[in-house]
Protein chains: 2
Amino acid sequence: MSIFSKTCEYAIRAVFFIAHRTESGDRVGIKEIATGISSPEHFLAKILQDLSRRGIVKSAKGPNGGFYMDEQTLRRPLVDVVEAVDGNGLFVGCGLGLVSCSEKKPCPLHAEFAVIRKNIHQMLVKTSIGDFTEDLNLGITNLKK
Amino acid sequence: MSIFSKTCEYAIRAVFFIAHRTESGDRVGIKEIATGISSPEHFLAKILQDLSRRGIVKSAKGPNGGFYMDEQTLRRPLVDVVEAVDGNGLFVGCGLGLVSCSEKKPCPLHAEFAVIRKNIHQMLVKTSIGDFTEDLNLGITNLKK
DNA sequence: AAAATAAAAGATAAAAAACTCTTTTATTAT
DNA sequence: ATAATAAAAGAGTTTTTTATCTTTTATTTT
Ligand code: FES
Ligand code: FES
């Protein structure tokens, strides 16, 4: 188990990749993204189709087409990507799988989970997709393999 | 996605249940545990077989048999249960799925993940299986549904 | 020794997640 | 108009996770 599903890992890496490639205003094709983030091409295509439908990334068909982002989408918080792919299970609901998470009849780890889930949520809320392009451009951070 | 796999959720709920039932020294059968934590009986059986092989719970066959825990197992940290079932993927390795998590070529969220994973790990290290029996006995906390 | 009990083990099945391949649709450039 | 391009959509397959059912083994009680 890791924090996110593989699908979500690909999704986040992909939006980061698109973000840092879209600064120059151009679009980037699925093949380039897939190799750029070391993900299976057709699987990633499905993921991006979904993100595109939800308006998290933009896309254009045909020659010079591809995926891109605008000012507005770059400012969206990471949590939007995570929720679109993995849902909100990380932030709401009982960490031990009880049907409801409540103060009234909490599971033994309720208090501990409250802290952790808040941490995760806040980090995803306060970071936005575009926040990481600079380091990527500088080669300080990495999305591949 | 939630933090733990369902298997792991059942495992944690089960050890908590056994712990709070074993205080009186007696053993508790799989059926009772399964209904006590609202889990599928045979699936839970598999999970407990595994935990038993690893020494995280004790078991005895035959009449008056069942699962139980001793002083030593009650003191084991929760992280032992989680690692046994879900592995250490929550604490080590890149949160974005890169093959290695390193300071040298980190993913964009490396610093953020470091904090979160440390939080999760520390909470699982500093809590032990037996820490929650009292509240369970008092009916303050709950493991069912 | 025989019967009863309860976990262990084995074998299968269903559902979800991860991944692949092919065809269609929209757009652009010639 | 036609050809080329690239995403969208459709239709699978494979693998992993979750779950069920049956048989075997160990232990205890009678
Ligand atoms: S009840 Fe389990 S986390 Fe709140
Ligand atoms: S490289 Fe991604 S978490 Fe460290």
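Excluded from the calculations below are hydrogen atoms, water molecules and symmetry mates; all remaining heavy atoms, backbone and side chain alike, are included. Here is the naming used below: chain letters follow the sequence lines, and residue numbers restart at 1 for every chain.
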query = Considering residues at least two apart in sequence or located in another chain, which fulfil the side chain to side chain donor-acceptor pair (under 3.5 Å) criterion with A:Ser2?
reply = none
ask   = What pairs meet the side chain to side chain donor-acceptor pair (under 3.5 Å) rule with one or both residues in residues 82-106 of chain A, with sequence neighbours excluded?
value = A:Ser5-A:Asp86, A:Glu103-A:His110
inquiry  = Using a 4.5 Å cut-off between side-chain heavy atoms of Ile, Leu, Val, Met, Phe, Trp and Tyr, which other residues end up in the same hydrophobic cluster as A:Leu138?
reply    = A:Ile140
key: Letter per nucleotide, 5' to 3', of nucleotides 9-22 of chain C [B base touched, S only sugar-phosphate touched, - untouched; heavy atoms, 4.0 Å]   = BB-------BBBBB
key: Those residues of residues 28-37 of chain B lying under 4.0 Å from DNA chain C by at least one heavy atom   = B:Val28, B:Gly29, B:Ile30
query = Among the clusters formed by ILVMFWY side chains lying less than 4.5 Å apart, do A:Ile120 and A:Phe113 turn up in the same one?
reply = yes
request  = Could you tell me whether the phosphate oxygens of D:dA6, OP1 or OP2, come under 4.0 Å of any side-chain nitrogen or oxygen in A:Ser59?
outcome  = no
Non-neighbouring partners of A:Glu32 that pass salt bridge (charged side-chain N to carboxylate O under 4.0 Å, His left out), sequence neighbours left out = A:Arg21
ask   = Is any side-chain N or O of B:Ser52 closer than 4.0 Å to OP1 or OP2 of C:dA8?
value = yes
message = The criterion is salt bridge (charged side-chain N to carboxylate O under 4.0 Å, His left out); which residues satisfy it with B:Arg117, sequence neighbours excluded?
response = none
Protein-nucleotides 27-29 of chain C N/O pairs closer than 3.5 Å?
unit_1	atom_1	unit_2	atom_2	d
C:dA29	OP1	A:Asn64	ND2	3.3

note = Residue set satisfying side chain to side chain donor-acceptor pair (under 3.5 Å) with B:Thr73, at least two apart, ordered chain then number -> B:Asp70
inquiry  = Strictly below 4.0 Å, N to O, side chains only: are A:Arg54 and A:Asp50 in salt-bridge contact?
reply    = yes
message = Rounded to whole Å, how long is the line connecting atom CG of A:Leu48 with atom P of D:dA8?
response = 8 Å
ask   = Residues in side chain to side chain donor-acceptor pair (under 3.5 Å) with A:Asn64, at least two apart?
value = none
request  = Could you list by number each residue of residues 78-85 of chain B showing a heavy-atom separation from DNA chain C of less than 4.0 Å, or answer none if no residue does?
outcome  = none
note = salt bridge (charged side-chain N to carboxylate O under 4.0 Å, His left out) filter on A:Asp135, not counting sequence neighbours, yields none
